[in-house]
Amino acid sequence: MTGGTAREASLVQQTFALLQKNILVQWRRLGHVVLEWLQHLAWIFMLFLILAIRDSPRPSAYSPAEVLGRLDEFSNKTFPVGYISTIPAIRDIMQRVSRSTIIPKISVQEFQNTFDLVDVVDENITVGVEFENEFTYFIRYHLYTIPNPNDYLADKGYCENSEYRCRPLEYWKLGFISLQASIDSAIVERNTKQSLWDGMAATEVVKMKAVDYTERTVLYMGIFMYGMSMCFITLSYLMTLQITRERRKTRELMRMMGLKDLAFWLSWGLLYTVSAIIIATLMALVATTYIFVQSSFGVIFLLFCLYGIATVCFNCMLSTLFRKHRLTAILGFFLTLFLAALGLLPLVNAMPKSLEVFLSIFHPFSFAVGMVESMHMANDLQGTYFSDISGDSSHILSSAIYLTLDSVLYIILTLYFDKIIPDKHGVRHEPLFCLRPSFWSKKKMSPVPLREGERIEKDLGDYVEKVPIELLGKEAIRISNVKKMYNGKDKKTEALRGLNLDIYEGQITALLGHSGAGKTTLLNILSGMCGATSGSSNIYDHPLSDLSLRQEIQRKIGFCPQFDVNFELLTVKENLKVFAQIKGVHRSKVKSEVEKVLCDLDIDNIQDLRANKLSGGQRRKLTLAIALLGDPEILLLDEPTAGLDPFSRHRVWSILKERKVGHVTLFSTQFMDEADILADRKAVLSNGRLKCVGSSFFLKRKWGIGYHLRMQVTSPCDTEAITLLIKQHVFSAKLSTQNVEDLTFTLPFENMDAFPALFSDLEGHVGRDIVSYGVSITTLDDVFLKLEGEAEIEKGDYGVFAHEQNEEEDHFSSEPEDSILLMSDSGTPTISGLALWRQQVLAVARIRYLKLIHDMKGIRSILLLLVLFILPLVTFTIVMNSSHSINTWELTPHLYFRRPGERNHRYYSNLLLVNTTGTRQKGSIIFNYQHCKLKNSIWHIKNILSLKAELKQQGVPRAFTI
Ligand SMILES: Nc1ncnc2c1ncn2[C@@H]1O[C@H](COP(=O)(O)OP(=O)(O)OP(=O)(O)O)[C@@H](O)[C@H]1O
């Protein structure tokens, strides 16, 4: 193997080339880009408006602490309490409660079962008490009488210095605290035989210092959380649309040229990361102005930024899962909508850490972990800061770590799915490919000498021409028993049925065959655009099935596919530059390489024309030019001159001939003259099999009919006499065509010796019954026609036609629609008036119906995905509901005890101790509290509720209520 420009495709060069291309494309479609940005900004503006109207920044203020009175000062005319007695101890406790000195007017009633009790509680007739055991109990109020005990569902604070509007005070005003104190006293009295009633009754109730205005409702915070989670929704839609489109159109071909997967994803990822950062900056500005007023801009910006990057990575992952760009984009849109709902979960309640870690694989949830907590802190008039990242702002760190890990996870999954879910073209890796050692060890190609004379085409016997001795051992491509089966929806197509063929270095080989013979399929397999179903193909003795070597092999190949490849908004020159860099042409040589190819193919006059403005032939030349870039050792060309003018065809032929030595060239063509002139060897395929292979001379000798003797005769003419004359010299001559004034005979090659005598005899008849005559040799067309037969050709044509129909998405383009409407089978209008109108309506209705069925598949996929992603949400909601956690607040000493420096977090409240003695009571209860690592004398509590705690004072256990 010789030749080839030195090429080494580096990740940086490829990424840079594609990124440059992406930026250029964005620039060329500036109008669209502006519209896209208007969409992004519309979302941010909407959020800004909602915030500006709903929640203008308020001055920081606290409502002060105030003493509400003694516990026994609560007085209600009647205070009915119901309970269910399941064990005698409960009745005993409630009997004691009925004698409560804290609530003198209490009346206690026993109920038979929970339903009866719930009925009266629901009607707000009585307050319910349910015991789990003799120490644990629930107090049940009518749902709307006291604020929801769940901190996140309740209006916290909101006192505005007015007792009337102070919701948390309902706990005091409606007797909740006094009842709880009564039950606690009864339990303590029953178990310790000591009475706490008097002390308890004298306990003073104090409203803690609280933030003056904080409206903590799920709805309110949920709207903003949801709005913030969806700030990248338009970006997601447009990104998936573009990536999936390019992935489908050109990615596999670029991959075939040696493009590294990561370079492709990075080029898009980096472009959209810039957009995400701009959106993140604007969002952070809006959020810090209206929601996180006390927080540092940097912290909020960081979270938005990381969320944006994770979104970009997520979209890349999504783009690997589907082929259709619209479907992917719509799906991405709905997924963002639904995943953003996951961000609401941290609002509802404190969730177990394990569930938080599990849900953090969804980036909107990870984002919400930081944002929701920051919102709660903002409601407490606290801000989040980098300096506090290990303290109260630690949730920011968790969120940032989750989002970073999400991004890494999505990138890994993108690369993985990209390998195991191939696009329309491309080779599928097995799911566990990364566990194979060969995947990680980068083998270098070292050609292994071939065993001389071992020919895999030998099965065809006489149909294969023997290659000259100097070619033996120069087999560059060896195709052995290759089969390819396409599994369509309705039927399977066997495109190749055990093909054997050797392609030699230093030769140009042509693939001939009827439409649908399998030429394109073979070239696609060799180029790596698709895999074979079975059999092996080796390139320089390296099996193509070894995926670890594939990239190495592919870099040596220049491939011109049947379809045209280019980036439409780039000029011819820009296209060539990008592809040269992808192919690994050194940066310093890109310019000269591009100029050489432009000049070789005579397209330098159109180098500044955009690809979407090129004619069919010019596009073809561009695709060929791309294949020639980097002077690849192996050229695989699928109908390279289709659509070219004769001048350009000759130019292509001379280029291929010039670079023949030391290179391998394999091309397919429908032009027999092209194969005849250009190719050293022609391989004729028929229905997926090799029919024969050899030089033109060999094929013509073997299948040609010999020579054609054409003569113009006078009319009327004695055909029999002329035939007899010819047969006298060439006995096996045959009259092949006969017209009024023309006769054509075929003369076999073997009778060439008889030709001089035949011609001199014919000369004698010229001017009498023969006007003139001439002889021509069999062409490859004749060979082809003989080999295939007309019936075969028709069959092949039909096959391809059917296939193309399947391939194209526009089944229902308007053209067939029109033809259905206007023409009968014979092509002439046969009906008119009402009948025609009826037929048109039916036809259009049928087309609409078929379109709907077609779209249903997409809708089904969307629904399936939605269900999959909603499932965690639904499960979580069920779990939450079943645990009654939303409307229940369990009071445990744990809530009130915290380490110094620990944030005043959710259910944790600081303990209020009011020392009215005027002395610092060393050794007293205050001293003991200080040793319990409690932060004392803090005038701040979320709700004023009772706590049952037990502390030892001077070794004596004392139960009391705070
Ligand atoms: N993606 C596909 N899915 C299903 N069948 C296919 C697909 N591609 C090709 N075929 C079928 O495989 C057979 C071989 O097709 P191929 O394109 O290789 O023929 P060809 O010799 O290149 O034809 P042409 O000269 O018209 O390009 C045909 O019958 C075709 O219908």
Side-chain angles (χ1 to χ4, degrees), residues 248-249 252-253 256 323-324 421-428 477 479 482-501 503 509-535 537 544 559-565 616 620 623-624 627 636-644 666-675 679 682-693 780-781 784-785 787-811:
R248 187 177 162 83
K249 254 180 102 184
E252 203 50 51
L253 198 87
M256 200 238 95
R323 289 183 188 175
K324 294 191 174 160
I421 309 174
D423 211 355
K424 184 179 144 206
H425 302 292
V427 181
R428 180 196 293 264
I477 304 176
I479 299 153
V482 166
K483 294 182 181 168
K484 174 70 186 177
M485 178 86 84
Y486 289 109
N487 294 320
K489 275 176 221 142
D490 311 322
K491 63 164 191 163
K492 292 182 173 180
T493 310
E494 220 176 341
L496 294 177
R497 305 160 187 238
L499 184 75
N500 294 304
L501 182 63
I503 314 288
T509 309
L511 284 176
L512 304 173
H514 60 79
S515 293
K519 303 182 293 294
T520 301
T521 306
L522 177 62
L523 287 168
N524 283 348
I525 290 174
L526 293 177
S527 65
M529 291 282 279
C530 70
T533 310
S534 67
S537 4
L544 276 179
F559 181 46
C560 169
Q562 203 169 36
F563 52 93
D564 287 322
V565 180
R620 197 74 200 129
T623 309
L624 188 60
L636 304 174
L637 313 171
D638 198 352
E639 301 189 15
T641 58
L644 295 196
L666 176 66
F667 74 100
S668 73
T669 182
Q670 297 287 11
F671 302 113
M672 294 303 141
D673 60 330
E674 182 168 88
K682 290 102 193 152
V684 183
L685 305 190
S686 175
N687 290 324
R689 286 203 185 88
L690 184 67
K691 192 112 185 188
C692 59
V693 55
L780 266 186
D781 280 314
F784 183 74
L785 285 172
L787 278 170
E788 293 300 336
E790 227 169 294
E792 287 279 319
I793 292 167
E794 273 170 21
K795 190 174 152 202
D797 272 338
Y798 182 75
V800 165
F801 179 66
H803 158 62
E804 278 174 0
Q805 270 203 332
N806 275 343
E807 270 299 296
E808 286 308 311
E809 282 164 24
D810 50 346
H811 295 244

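Counting starts at 1 for both ligands and their atoms, following the listed order.
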Given 3.5 Å as the limit, does a donor-acceptor pair link the side chain of K519 with the main chain of F667, or not? no
Side-chain (T669) to main-chain (F671) donor-acceptor, under 3.5 angstrom: yes
Looking only at heavy atoms of K484, does any of them come nearer than 4.0 Å to an atom of ligand 1? no
Between ligand 1 and E494, can you find any atom pair, the residue atom being a heavy atom, that is separated by under 4.0 Å?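 Heavy atoms of E494 never come under 4.0 Å of ligand 1.
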So is A495 polar-close to ligand 1, meaning N/O to N/O under 3.5 Å?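 No: no nitrogen or oxygen of A495 is under 3.5 Å from one in ligand 1.
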The salt bridge (charged side-chain N to carboxylate O under 4.0 Å, His left out) partners of E674 (sequence neighbours excluded) come to R649
The one among S668, G516, G513, G688 that brings a heavy atom closest to atom 14 (C) of ligand 1: G516
Ignoring hydrogens, just give me the one of A517, S515, S686 whose non-hydrogen atom is nearest atom 26 (O) of ligand 1. S515
Closer than 4.0 Å to some heavy atom of [X] - which atoms of ligand 1 meet that?
{"X": "H514", "result": "21 (O)"}
{"X": "T521", "result": "14 (C), 15 (O), 16 (P), 18 (O)"}
{"X": "G518", "result": "14 (C), 18 (O), 19 (O), 20 (P), 21 (O)"}
{"X": "T493", "result": "11 (C), 12 (O), 29 (O)"}

By side chain to side chain contact (heavy atoms under 4.5 Å, CB included), R620 pairs with (sequence neighbours left out) C560, D564, T623, L644
Spacing of CD belonging to E639 relative to OG1 belonging to T520, to within rounding of 0.5 Å: 6.0 Å
Is L690 close to L685 at the side-chain level, that is, under 4.5 Å between some pair of heavy atoms?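 L685 reaches L690 side chain to side chain.
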Less than 4.5 Å apart, side chain to side chain, heavy atoms only: is that true for S515 and Q670? yes
